[in-house]
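Everything on this sheet refers to the single structure shown next.
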Amino acid sequence: MLLSLPGVLLDDEVTSIRGLLKQAQWVDGRTTAGIQAATVKNNQQLAEPDPLLAQIRRIVMQALHRDPLFFSAVLPDKILPPFVNRYAGGTNHYGFHVDNAMRSMPDGSARVRADVSATLFLNDPEEYEGGELVIQDVFGEQRVKLKAGSMVIYPSTSVHAVTPVTSGERLASFMFIQSMVRDAAHRRMLFDMDMALVKLRQQHGELAEVVQLTGVYHNLLREWAL
Ligand SMILES: O=C(O)CCC(=O)C(=O)O
Ligand SMILES: [Fe+2]
């Protein structure tokens, strides 16, 4: 499932992160890519020991933890600490690749199976030309470019790329998430059911049938969660 989540970051959080990034020391993005992906990756990233990265991670993780749509769509089990990237200079891009199945931190900690990949946009689409995230999956090809603070989630199994940023700079945080529910079809059914239940509850209150279906939701989650 490909889904855009608007307003994951509050405006003042975007402002804080942008302020921090003014002092950023960017390094070659290939350091964290897999072998195939490194051959097509041409961008920049914050380096792991950079204290700015730790501060940005705190803000992003706090935002993810309070976002009910993110929780419902991803059912996160483990989130690899988010990274921050930049595409600029008229040529930066990321060619077609699939994210490595297993990701861990450079020191070997926090091994995560990538089920869901996400890009959280840190600046607005008007600030750069190009820089579309192109995602190919069973739903065809989708091109995504969102406003600052919004995030797109997509299956880590999909082939995807970022088109060249021909002017300006594109700033984003990207991350890999292991879901409690490994099967994407199961995750999708749970998400649809949860969204329908939220609407039913708003329109009709706590009907006995809503309570019963909520029970079914949780019982399916119990069946499918690893
Ligand atoms: O910059 C992006 O939006 C995606 C980056 C990406 O695909 C990756 O780092 O694996
Ligand atoms: Fe990727």
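All ligand and atom numbering here is 1-based and tracks the order in the structure.
The side-chain heavy atoms of Pro81 and Met105, taken from C-beta on, include a pair separated by under 4.5 Å. By the 4.5 Å heavy-atom criterion applied to side chains, Leu213 and Tyr217 are not counted as neighbours.
The aromatic ring centroids of His160 and Tyr154 lie less than 6.0 Å from each other.
Looking at every heavy atom in both residues, Arg103 comes nearest to Thr32 through NH2-O, 2.9 Å.
Put simply, the residue from Gln142, Arg170, Arg143 that forms a side-chain hydrogen bond (donor to acceptor under 3.5 Å, both in side chains) with Glu132 is Arg143.
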With the criterion set at N/O pairs under 3.5 Å, what does the list of contacts between the protein and ligand 1 look like, atom names and distances included?
{"unit_1": "ligand 1", "atom_1": "1 (O)", "unit_2": "Asn85", "atom_2": "ND2", "d": "2.9"}
{"unit_1": "ligand 1", "atom_1": "1 (O)", "unit_2": "Tyr87", "atom_2": "OH", "d": "2.7"}
{"unit_1": "ligand 1", "atom_1": "1 (O)", "unit_2": "Arg170", "atom_2": "NH1", "d": "3.0"}
{"unit_1": "ligand 1", "atom_1": "3 (O)", "unit_2": "Thr119", "atom_2": "OG1", "d": "2.8"}
{"unit_1": "ligand 1", "atom_1": "3 (O)", "unit_2": "Arg170", "atom_2": "NH1", "d": "3.3"}
{"unit_1": "ligand 1", "atom_1": "3 (O)", "unit_2": "Arg170", "atom_2": "NH2", "d": "2.9"}
{"unit_1": "ligand 1", "atom_1": "7 (O)", "unit_2": "His97", "atom_2": "NE2", "d": "3.2"}
{"unit_1": "ligand 1", "atom_1": "7 (O)", "unit_2": "His160", "atom_2": "NE2", "d": "3.1"}
{"unit_1": "ligand 1", "atom_1": "10 (O)", "unit_2": "His97", "atom_2": "NE2", "d": "3.2"}
{"unit_1": "ligand 1", "atom_1": "10 (O)", "unit_2": "Asp99", "atom_2": "OD1", "d": "2.9"}

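Salt-bridge check for Arg188 with Asp192: passed, with a basic side-chain N closer than 4.0 Å to an acidic carboxylate O.
Within Asp99, the N, O or S atom at minimum distance from the Fe ion (ligand 2) carries the name OD1.
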